[in-house]
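See structure below.
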Amino acid sequence: GGVAALPSARHTPAATMAEQGKQDIVRKLIHIFLDVPHDIFVNFTRSIERATGASPFIIWVTVISFVFVVSFLYKKAQELTMASTKEIPLKDVAGHKDNVKVFLEFGISDRFKDTSIGRVEIELFSNKLPLTCENFRAFCTGEKGEGSIKGKNMHYKGVKCHRIIPGFMLQGGDHIQGDGSGGESIYGRCFADEWPDGGHVKHQKGGLLSMANSGPGTNGSQFFLTFAKAKWLDGRHVVFGQVTKGMEHLRWIEMRCGTYTGQPLQNVIIRDCGEIKGKST
């Protein structure tokens with residue numbers, strides 16, 4: 001007289017069909033990732049063998065050699081697109097008596113809070129890169145006043161950091177739009193890349209200051225500070241300074257405000273900025 005037990009879910013027709021569906025998917029994946037490449041490999045080899053009379057070994061040595069040559073040529077083509085291919089050691093540009101120092105005080109500003117993160121001091125490599133460094137220094141002091149584009153003050157004070165990527169960099173300096181689409185230089189809309197003695201300083205560590213651009217000769221007001229090495233930017237973006245004090249504040253911004261899409265989690269701005277009087281030593 002007891003009530004018959006209900007069948008468990010694993011024995012229902014729907015569950016059985018679902019299980020079969022999973023098995024079909026696994027079989028299809030095996031076919032795609034194992035059988036198809038194998039068939040392509042065999043058919044390709046046989047076709048070349050019939051056409052040339054060469055052995056499979058010779059065929060694949062030739063194919064691998066071809067791939068290697070193409071990769072080598074691609075790398076060389078990439079090097080040709082670099083504006084500068086000669087490296088200048090960091091020690092050759094840093095610490096010069098004529099190098100200028102500036103500071104950027106970062107903060108968070110939104111409708112809920114307006115707080116300081118901390119002050120970052122930067123040595124500009126003014127002796128070797130005078131044009132790039134003077135542009136940045138003038139934007140730190142704001143001494144040039146209104147620019148020619150939309151009459152915006154050429155000043156970093158109050159400008160947001162619109163792109164922050166952990167393990168990569170913090171980008172800011174768009175004093176016109178604030179989103180990376182604007183900017184200008186003290187020399188006009190933009191100025192040429194400055195390669196001292198035809199060379200460049202590598203993006204070899206965190207804490208380096210470099211110019212953001214949209215291609216050769218398009219430097220304006222936008223810049224970025226590296227969080228780590230970024231060798232793919234070498235010879236394409238001009239490194240012209242380094243952090244000498246306050247790197248911990250950049251690390252705080254990196255960890256608390258950065259995202260892998262670049263969209264900051266908090267509204268990071270440059271609360272204050274200026275030149276530090278006295279030369280670097």
Side-chain angles (χ1 to χ4, degrees), residues 101-124 132-133 135-142 144 147 149-150 152-186 190 203 205-214 218-230 233 236-276:
K101 276 196 172 183
V102 295
F103 73 91
L104 301 174
E105 183 190 336
F106 293 97
I108 296 174
S109 180
D110 55 36
R111 60 178 180 171
F112 300 109
K113 58 184 171 182
D114 184 12
T115 58
S116 174
I117 295 171
R119 172 169 155 147
V120 175
E121 296 186 3
I122 300 169
E123 174 194 4
L124 303 180
T132 308
C133 293
N135 181 69
F136 191 85
R137 185 201 66 80
F139 266 92
C140 286
T141 64
K144 299 296 184 180
I149 301 176
K150 295 190 175 181
K152 297 280 188 176
N153 281 333
M154 293 190 290
H155 200 184
Y156 286 140
K157 186 173 182 177
V159 173
K160 69 188 296 184
C161 301
H162 62 272
R163 192 169 174 229
I164 304 171
I165 302 177
F168 182 21
M169 58 89 200
L170 169 153
Q171 184 175 341
D174 180 357
H175 69 296
I176 296 176
Q177 302 292 350
D179 59 5
S181 64
E184 63 184 320
S185 79
I186 64 172
C190 57
H203 298 76
K205 64 173 185 173
L208 291 176
L209 175 65
S210 186
M211 290 300 295
N213 64 44
S214 55
T218 58
N219 300 287
S221 57
Q222 291 189 49
F223 65 90
F224 62 93
L225 287 158
T226 60
F227 294 137
K229 184 187 301 185
L233 302 179
R236 293 182 173 86
H237 294 260
V238 176
V239 175
F240 64 101
Q242 67 175 344
V243 173
T244 57
K245 189 176 180 181
M247 189 66 194
E248 68 275 14
H249 303 311
L250 287 182
R251 293 298 181 202
W252 189 95
I253 294 172
E254 177 186 16
M255 295 295 103
R256 302 291 184 89
C257 306
T259 65
Y260 289 103
T261 65
Q263 182 65 38
L265 292 175
Q266 302 187 70
N267 188 43
V268 179
I269 67 165
I270 300 172
R271 285 168 55 92
D272 196 12
C273 50
E275 181 179 354
I276 301 172

Inset, instruction - Please report the C-alpha distance between Ile270 and Phe106 in whole Å, then the side-chain angles of each, then the deciding distance to 0.1 Å, and finally whether the side-chain contact (heavy atoms from CB on, under 4.5 Å) criterion is met. - result: CA-CA 5 Å; Ile270 300 172; Phe106 293 97; 4.0 Å; yes
Going by heavy atoms in the side chains, are [X] and [Y] under 4.5 Å from each other?
X: Asn219; Y: Thr132; result: no
X: Leu208; Y: Lys205; result: yes
X: Met154; Y: Ser221; result: no
X: Phe227; Y: Ile165; result: no
X: Gln266; Y: Cys257; result: yes
X: His162; Y: Gln177; result: no
X: Lys150; Y: Glu184; result: no
X: Ser109; Y: Lys160; result: no

Looking at [atom1] of [X] and [atom2] of [Y], how far apart are the two atoms once the value is rounded to the nearest 0.5 Å?
X: Met211; Y: Leu233; atom1: CE; atom2: CG; value: 13.5 Å
X: Lys152; Y: Ile176; atom1: NZ; atom2: CD1; value: 8.0 Å
X: Phe168; Y: Arg163; atom1: CZ; atom2: CZ; value: 5.5 Å
X: Met255; Y: Leu265; atom1: CE; atom2: CG; value: 11.0 Å
X: Leu170; Y: Leu225; atom1: CG; atom2: CG; value: 6.0 Å

- Message: Would you say the rings of Phe139 and His175 are close, in the sense that their centroids are separated by under 6.0 Å?
- Response: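 Yes, ring centres under 6.0 Å apart.
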| said: Quick check: Phe136 with Tyr156 (ring centres under 6.0 Å apart)? | reply: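 So the answer is yes for these two rings.
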Could you tell me whether Glu254 and Arg251 have a side-chain N and a carboxylate O separated by less than 4.0 Å?
yes
Mind running side-chain contact (heavy atoms from CB on, under 4.5 Å) on Cys140 and Leu104 for me, showing each step along the way? CA-CA 8 Å; Cys140 286; Leu104 301 174; 4.0 Å; yes
[X] to [Y] - nearest heavy-atom pair and separation:
X: Tyr260; Y: Pro166; value: CE2-O, 3.7 Å
X: Thr226; Y: Met169; value: CA-CB, 4.0 Å
X: Met247; Y: Gly206; value: CE-C, 3.9 Å
X: Cys161; Y: Pro264; value: O-CG, 3.5 Å
X: Ser210; Y: Val239; value: OG-N, 3.8 Å
X: Gln222; Y: Asp174; value: CG-N, 3.8 Å

Applying ring pair (Phe, Tyr, Trp, His ring centres under 6.0 Å), can you list everything that pairs with Phe224, at least two apart in sequence or on another chain?
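By the ring pair (Phe, Tyr, Trp, His ring centres under 6.0 Å) rule, Phe224 matches His203, His237.
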Taken in chain and number order and not counting sequence neighbours, the residues that satisfy side-chain contact (heavy atoms from CB on, under 4.5 Å) with Lys245 are Glu121
* side-chain contact (heavy atoms from CB on, under 4.5 Å) against Gln263, all qualifying residues, sequence neighbours excluded ->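 Once residues adjacent in sequence are excluded, the partners of Gln263 under the side-chain contact (heavy atoms from CB on, under 4.5 Å) criterion are Thr259, Thr261.
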When Arg119, Lys157, Glu105 are each screened for side-chain contact (heavy atoms from CB on, under 4.5 Å) with Arg271, the one that passes is Glu105
(request) Tell me, with the steps shown, if Leu124 and Ile122 meet side-chain contact (heavy atoms from CB on, under 4.5 Å). (result) CA-CA 6 Å; Leu124 303 180; Ile122 300 169; 4.0 Å; yes
